[in-house]
Amino acid sequence: MASAFLTIPHLAQAQIAVGVTAGLSSQDQSNRNTGTTLGGVTFLDAALGDRFSLGGEVSLGANIRGQQTRRTSTGITTLASQHRDTIFSGVAKVKVAQALRAQVDATVGTGVSWRHTVRHGTFRSFPPLSSAPVDETLSNAVFATTLGLDAMLNVSPRMLMVFTARLHLLKDDDRDGSGVVQRGVGSSIFRFGGGALIRF
């Protein structure tokens, strides 16, 4: 039993790295504008060799805000909306370039995105005219694929400057069962930032 355990790759001896970056996050909205806000990535990696590592990360973004209009056969709803996506991913990283103190890793991963939307507004009916307040909260988890790059520069044997670029593709066409748009927020997200990485 013990000998069988020893044949497993030495995960306990893998070098661990923890990194944090902050920067910008952008995704499309239904009004054809791009919602740009603050975003960032927190990650933990375990190196399984000179070129390969496994880990997990959380990709965060502040609320994007916008105005939305929804028209039906009975009236028009005007909404002030705020939305955010938080993505949890398991990732694999492969070193694709190295020169002097710099290194670039390609990243691919899968996980889930927690989508959270809060909207407040007013519904105005067609004649006879009337109005009513509208308050909506939409929250759900969807499958997410992550693609990205990490660019790192050694500052010391244990600390590095790191820049992350992430493209998150969410499996969410943003429509309900009848085909009506739910949020009006795009299902692809790009986040770029810079920060620090520490190796243990």
Quiz item: Judged by modelled atom types alone, do His168 and Ser113 share a side-chain donor-acceptor pair under 3.5 Å?
Solution: no

Exercise. Any chance you could measure Ser131, atom OG, to Arg124, atom CZ, to the nearest 0.5 Å?
Key: 6.0 Å

Quiz item: Under the 4.5 Å side-chain heavy-atom rule for ILVMFWY, direct or indirect, which residues accompany Val142?
Solution: Ile87, Leu170, Ile189

Quiz prompt | Leu100 atom CG, neighbour heavy-atom count above 12 within 6.0 Å | solution = no

Practice problem: Using atom types as modelled and distance alone, determine if a side-chain donor or acceptor of Arg183 lies under 3.5 Å from a backbone N or O of Arg115. | Solution: yes

Quiz item: How many angstroms lie between CG in Asp85 and OG in Ser25, if you round to the nearest 0.5 Å?
Solution: 8.0 Å

Quiz item: Can you name the nearest heavy-atom pair linking Arg71 to Phe126, along with the distance?
Solution: NH2-CZ, 3.9 Å

Quiz item: According to the salt bridge (charged side-chain N to carboxylate O under 4.0 Å, His left out) rule, which pairs have a member within residues 131-144, sequence neighbours left out?
Solution: Arg70-Glu136, Arg119-Glu136

Quiz item: So, the side chain of Arg158 versus the backbone of Arg199: is there a donor-acceptor pair under 3.5 Å, distance only?
Solution: yes

Practice problem: Check salt bridge (charged side-chain N to carboxylate O under 4.0 Å, His left out) between Arg166 and all other residues, then give those that pass, not counting sequence neighbours. | Solution: Glu57, Asp150

Exercise. Please write out which residues are connected to Val108 in a hydrophobic cluster, directly or through intermediates, given that two of Ile, Leu, Val, Met, Phe, Trp, Tyr count as joined at side-chain heavy-atom separations below 4.5 angstrom.
Key: Leu147

Self-check item: Nearest-0.5 Å distance that lies between atom CH2 in Trp114 and atom CG in Asn140
Solution: 6.5 Å

Quiz item: Hey, what do you get for CZ (Phe192) to CG (Leu24), rounding to the nearest 0.5 Å?
Solution: 8.5 Å

Quiz item: Cluster question for you: counting only ILVMFWY and a side-chain heavy-atom cut-off of under 4.5 Å, with indirect links fine, are Leu38 and Val20 together?
Solution: no

Self-check item: Residue pair Gly193 / Thr21: nearest heavy atoms and the distance that separates them
Solution: C-CB, 3.9 Å

Quiz item: Between Ser125 and Ser130, is there a donor-acceptor pair closer than 3.5 Å when you use the side chain of the first and the backbone of the second?
Solution: yes

Name the atoms and distances for all side-chain donor-acceptor pairs under 3.5 Å in residues 44-55, with sequence neighbours left out.
from  : atom 1 : to    : atom 2 : distance (Å)
Asp45 : OD2    : Lys93 : NZ     : 2.8
Arg51 : NH2    : Lys95 : O      : 2.7

Self-check item: Where Ala80 and Gln67 come nearest, the two heavy atoms and their spacing
Solution: CB-NE2, 3.8 Å

Quiz item: To the nearest 0.5 Å, what is the distance between OG1 (Thr145) and CG (Leu167)?
Solution: 9.5 Å

Self-check item: Nearest non-hydrogen partners of Thr117 and Ser81, listed with the distance
Solution: CG2-OG, 3.7 Å

Quiz item: Rounded to the nearest 0.5 Å, what separation is found between the CD atom of Gln27 and the OG1 atom of Thr36?
Solution: 9.5 Å

Quiz item: Can Thr69 and Ile76 be said to form a side-chain contact (heavy atoms from CB on, under 4.5 Å), step by step?
Solution: CA-CA 7 Å; Thr69 301; Ile76 298 175; 3.6 Å; yes

Self-check item: Closest non-hydrogen atom pair, Leu169 against Ser188
Solution: CD2-CB, 3.9 Å

Practice problem: Give the intermediate values and the outcome of side-chain contact (heavy atoms from CB on, under 4.5 Å) for residues Thr110 and Phe143. | Solution: CA-CA 8 Å; Thr110 60; Phe143 179 80; 4.0 Å; yes

Quiz item: Where do Thr146 and Ser89 come nearest, in terms of heavy atoms and distance?
Solution: OG1-OG, 3.1 Å

Self-check item: Whichever hydrophobic residues join Leu160 through chains of side-chain contacts under 4.5 Å
Solution: Val41, Phe43, Met152, Val162, Leu197

